[in-house]
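All remarks here apply to the structure that follows.
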Amino acid sequence: MSNNTNPLKIAGHDYQSRLLVGTGKYKDIEQTRAAIEASGAEIVTVAIRRTNIGQNPGEPNLLDVLPPSQYTILPNTAGCYTAEDALRTCRLARELLDGHSLVKLEVLGDPKTLYPDMQATFIAAEQLVKENFQVMVYCMDDPIACKRLEEMGCVAVMPLAAPIGSGLGIQNRYNILTIVENAKVPILVDAGVGTASDAAIAMELGCDGVLMNTAIAEAKDPVLMARAMKKAIEAGREAFLAGRMPRRRYASASSPLDGTIN
Amino acid sequence: MSNNTNPLKIAGHDYQSRLLVGTGKYKDIEQTRAAIEASGAEIVTVAIRRTNIGQNPGEPNLLDVLPPSQYTILPNTAGCYTAEDALRTCRLARELLDGHSLVKLEVLGDPKTLYPDMQATFIAAEQLVKENFQVMVYCMDDPIACKRLEEMGCVAVMPLAAPIGSGLGIQNRYNILTIVENAKVPILVDAGVGTASDAAIAMELGCDGVLMNTAIAEAKDPVLMARAMKKAIEAGREAFLAGRMPRRRYASASSPLDGTIN
Amino acid sequence: MSNNTNPLKIAGHDYQSRLLVGTGKYKDIEQTRAAIEASGAEIVTVAIRRTNIGQNPGEPNLLDVLPPSQYTILPNTAGCYTAEDALRTCRLARELLDGHSLVKLEVLGDPKTLYPDMQATFIAAEQLVKENFQVMVYCMDDPIACKRLEEMGCVAVMPLAAPIGSGLGIQNRYNILTIVENAKVPILVDAGVGTASDAAIAMELGCDGVLMNTAIAEAKDPVLMARAMKKAIEAGREAFLAGRMPRRRYASASSPLDGTIN
Amino acid sequence: MSNNTNPLKIAGHDYQSRLLVGTGKYKDIEQTRAAIEASGAEIVTVAIRRTNIGQNPGEPNLLDVLPPSQYTILPNTAGCYTAEDALRTCRLARELLDGHSLVKLEVLGDPKTLYPDMQATFIAAEQLVKENFQVMVYCMDDPIACKRLEEMGCVAVMPLAAPIGSGLGIQNRYNILTIVENAKVPILVDAGVGTASDAAIAMELGCDGVLMNTAIAEAKDPVLMARAMKKAIEAGREAFLAGRMPRRRYASASSPLDGTIN
Amino acid sequence: MKLQVNGDVLELPEPCNLDNLIQHLGLSGRRLAVEMNGEIIPRSEYAARQLSDGDQLEIVQAIGGG
Amino acid sequence: MKLQVNGDVLELPEPCNLDNLIQHLGLSGRRLAVEMNGEIIPRSEYAARQLSDGDQLEIVQAIGGG
Amino acid sequence: MKLQVNGDVLELPEPCNLDNLIQHLGLSGRRLAVEMNGEIIPRSEYAARQLSDGDQLEIVQAIGGG
Amino acid sequence: MKLQVNGDVLELPEPCNLDNLIQHLGLSGRRLAVEMNGEIIPRSEYAARQLSDGDQLEIVQAIGGG
């Protein structure tokens, strides 16, 4: 059996899990912890937000249940609609995480679709690379743009499957396939996965991993769905490595034709 | 986390695995054994064929590597185009397996599609039930016919996803969904699965299990694909039980909107 | 340009239009008339129902606005759940239409899906052929069953695209394609078309025609939709005859590559 | 019946036809002429290329059979991989066509996909608008980018359905739908249509028109396919205006339920 | 006598033939078909067909349907 | 006597029972099932079953199939 | 003096350094990052950074997000 | 003098204007556009435009394209 334990390599680090998860939308911090543990994810995204002045200091902190010692914390720039806001957010994140420079860049173009503003994304990506950030970039499923982002020095390129939180699954498989074929850095599908088979399909297309949040957090049973996603990612990866059978329009018998009684 | 370890119940027996596999099309008997072990399947189908008179008696026998003590052997009627041939094959199978009466009935209508002849299938199913066989029946994805077969006393109904050995995946999801909603006996998708995500989709539709052969045997690496299928079936089952998020046409942010800097 | 005016031949009659329409669900009889005129249909289906005793005799009668002199009236057996009811309905229809023996047979299996009961359909079809009816038969998209109905002597076979009135479009294109390839009698897609492109797709698959009702009657503007359907059927037929381009995964320039300035 | 004869308005001109066609890939100039006539198109694209020095002067010229007096000639920048080449090509085209300033801008990113380089496309579009060109722009199906191009002053935005010449049909319907909903200028699907139903689907999504070349030129019978496309565009447009029926998962009878005999 | 017409009971004085019944029901001149005790009655025979107590009749017409 | 075994003609000296036949065919000890003239023969009866001219036999085993 | 902290105006007596402010806000010991007048302030410099009237501060933390 | 025309070198005797060149190339009367050293030359100016050694010309026409 071919070895399918080759790890996912991002910015020089090896990860055994190819499932990356967000930490938003959970009922509470305990459900967050339990779901992320069940997912087996090693990279978890967080948002950077203003402290609520005067909030109860005793309140548990996200990074207490997801310690950077155990998880790779991936701060994102969710909510940023300009390159400048994204840059400031990344700089704050790096200070917050003691110089950890891996960031997920997203510069949004519109609140209805939460699709990226690719022009602003290019500007922010270029500057972040200059400032020695290791940039994982959320982008359109545009093969030309994805290649450009790789050439700029992004450490991972993360085309969307469908709108963030839509759960519609991969809308354009040809684009994802083309992006994967052209890539020299990891390609992770980011956003739009709705259920386990969507994640498996992304991996069967040859993606190096999948980043999701809503599909787990908004399932009726997030912890069980997290476990399902872990298996779906592994199943899709192994199916990709195993090499699927060819599609045929007509049937092909599984049992031998000769030796039937009559 | 809701308990997803409820077993698959067929004819009064409990099975932990919801993946059923065929034993045809493998390179050799050792590959058959290894792939089936990797699949975790507990029910394996076999064909009933004339002994090759004068074959080397030392040649390993399928049932030596898949001992009925360890696996539930499911003899099929593959290759039968009449109810009568299917009946004779089932009777021989029962004698061959020391009275074990679980059979997979398929009466084929045409060698190009290997689709079932439903009229002949009804006739054979009715007679087999009379003769106290426990009938698992391969059939069209026709909700009315599937219900009829259940009413006749079949212990499991197995609508096709696509032509046997085509690897096209589920062609009509609405039919499978309707069949599942109407059923009181296990519904297993039989035939047409091509890769891991196809199996996950069948389970997400609420099927009780999936029976496949070509998708594993004709993968470039059958043993690795068998492992992928095991995980895909579990992933799809757990996703079904976990209750997927609703689909939305537009985006829904995973990170909170307030507290962004500016 | 290849001649695409070869008519649709059913039971020895030539029809210029390949769109057959139902007459149910319209706002009133005038809208029925206007929509059917706009559709260009020559064959229209009607239901056979008990006269409302004591209804206003002046009330306009469907056959007054759709005179059998101008339209081929196709009585259906909608609402029949047994072969016997379907037979009685067909006999009444033939008397009602002065011996006109063309009927649309449908024997339903279940009110939720309105899918045909194929066993009962076979029984009714066989008997109707014996009684010299010209049987156009509503059936599952089951290639084996469709061939059987042709062999029984049905003059047209009408597999469903999706449940009656669902508007979901063709759910299983491979089945329709296979049915068409095997057929010696006209294959008409019956039921499930929702909009113009669905009708075009049916024709591009090689179907000889399409029968629809809800897609027109439940459009916001039924008369305009009827006109759209007329064009869609012609477009799909001509595209089928014209022979579509091959699909390619990659691009192929429409403009010559040489002679570009630089 | 609602009026569906509202014309397509581009840069202040009214067009009755919503089908725009290319002039490449035909067998000869006579087939080009015949197919374009059959298509009913009023806007036809042409490429700008170096004259073949010393070619036979008697050779018929494309613009002789497609006189600008009768057709709106739309010169494209096919084959240009930089903004600069596209600009030079547009300036030459304007001189060639006596100051006619309507152009189809395409700046390509890669010869395998012929997908646009959106960064270069923005630069070229901005400059062309400054130079008073009326820019119809080929672009990704990216709702944010399409809105930006509209805001820059492009007179029509033309997202791709699939790679040029692929015939794969619309790959991402949600994107096209979103682009249409956001737009104040005409949205034309450009590239990727393969057969009549693909064109109808584009129009049903609310697009203002479709531009195609290969689907007609590479059909076995281009003239018949051109006619099919003309009808498909009208059918799709009328279906869009007529307002399709809602999709339903279950059946809805077309014939009344009461009054059935029994 | 008592007839069953389209599922309802109808009381009529004898003698009465099918033609009389159709007039009585106000259906004269309409395009109809009649099944009497499971048998189709040709239009031409309406006048000749005497009805008797307990006869089961189905009188149908064409209406809009798909 | 002439037997038909799995579609082929086989000539054997009488007397011969089903057990002898299976030995003769080198199939002893294998997991088999036998249909003789359309009837399934239980394994336990092989020795008791005398074969006679014209008997039709099907001898089957399980092989890989889906 | 008047400071702008996370978009709100905050009035504090001088002298006051960044460390004092964080204590005042009850955020001591929490994992934070601070941007002061557009510049990131390293944690090690909080005590050394005197605040003056009109300073703009952003104090952020990590929260759940996807 | 040496000109570059559509990427090829062309040798012509001076004096020669753009109009002469087009005649020389057998392109008179055809629907063309000309770019000379990166600048579009209006048709009306062809006769007035003297060519000189090293001039770069692009002469284009419309052809079939999508």
Side-chain angles (χ1 to χ4, degrees), chain B residues 80-83 106-126 138-152 159-183 189 191-192 194 205, chain C residues 80-83 106-126 138-152 159-183 189 191-192 194 205:
Chain B
C80 295
Y81 284 81
T82 67
E106 43 185 300
V107 187
L108 303 177
D110 146 342
K112 190 176 78 173
T113 60
L114 296 180
Y115 274 170
D117 175 333
M118 291 306 293
Q119 286 178 290
T121 298
F122 281 123
I123 292 165
E126 192 157 34
Y138 163 71
C139 56
M140 285 303 289
D141 58 348
D142 172 344
I144 308 299
C146 287
K147 192 62 187 173
R148 210 58 51 88
L149 289 163
E150 171 187 316
E151 291 161 352
M152 277 185 184
L160 54 82
I164 292 171
S166 68
L168 292 172
I170 297 182
Q171 291 303 298
N172 191 331
R173 299 187 187 191
Y174 287 105
N175 280 359
I176 297 296
L177 201 55
T178 302
I179 291 164
V180 166
E181 290 172 349
N182 295 345
V189 156
L205 289 170
Chain C
C80 295
Y81 284 81
T82 66
E106 43 185 301
V107 187
L108 302 178
D110 145 342
K112 189 175 79 172
T113 60
L114 296 179
Y115 273 170
D117 176 335
M118 292 305 294
Q119 283 178 293
T121 298
F122 281 123
I123 292 165
E126 192 157 34
Y138 163 70
C139 55
M140 286 302 288
D141 58 348
D142 172 344
I144 308 298
C146 287
K147 193 63 187 173
R148 211 58 54 88
L149 288 163
E150 172 188 313
E151 290 162 351
M152 277 184 182
L160 54 81
I164 292 171
S166 68
L168 293 172
I170 297 182
Q171 291 302 298
N172 192 330
R173 299 186 187 190
Y174 286 105
N175 279 358
I176 297 296
L177 201 56
T178 302
I179 291 164
V180 166
E181 290 172 348
N182 295 345
V189 156
L205 289 171

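Basis for what follows: all heavy atoms, side chains included, without hydrogens, waters or symmetry-related copies. Note that the structure is predicted; figures quoted are calculated from it, not measured. Proteins come first, then strands; the chains are lettered A, B, ... in the order of their sequence lines, and each starts at number 1.
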Can you say whether [X] sits under 4.5 Å from chain B via the side chain, the backbone, both, or neither, judging by heavy atoms?
| X | result |
| --- | --- |
| Arg148(C) | side chain |
| Lys147(C) | neither |
| Pro116(C) | backbone |

Original post:
If you count heavy-atom pairs under 4.5 Å with chain C, which of Lys112(B), Gln119(B), Met118(B) comes out on top?
Top reply: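 It is Gln119(B).
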Subject >> For chain C, the option from Asn182(B), Thr113(B), Leu168(B) that forms the most heavy-atom pairs under 4.5 Å >> reply: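 Greatest number of close heavy-atom pairs with chain C: Leu168(B).
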**OP:** Determine whether Asn175(C) and Tyr115(B) make a side-chain contact, defined as any pair of heavy atoms from C-beta on separated by less than 4.5 Å.
**Re:**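 Yes, at least one pair of side-chain atoms sits under 4.5 Å.
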**OP:** For residues Met140(B) and Asp142(C), report the shortest heavy-atom separation together with the two atoms involved.
**Re:**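 Residues Met140(B) and Asp142(C), closest heavy atoms: CG-OD2, 3.4 Å.
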Original post:
Hey, what do you get for CD1 (Ile170(B)) to CG (Asn172(C)), rounding to the nearest 0.5 Å?
Top reply: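 If I round to the nearest 0.5 Å, the distance is 11.5 Å.
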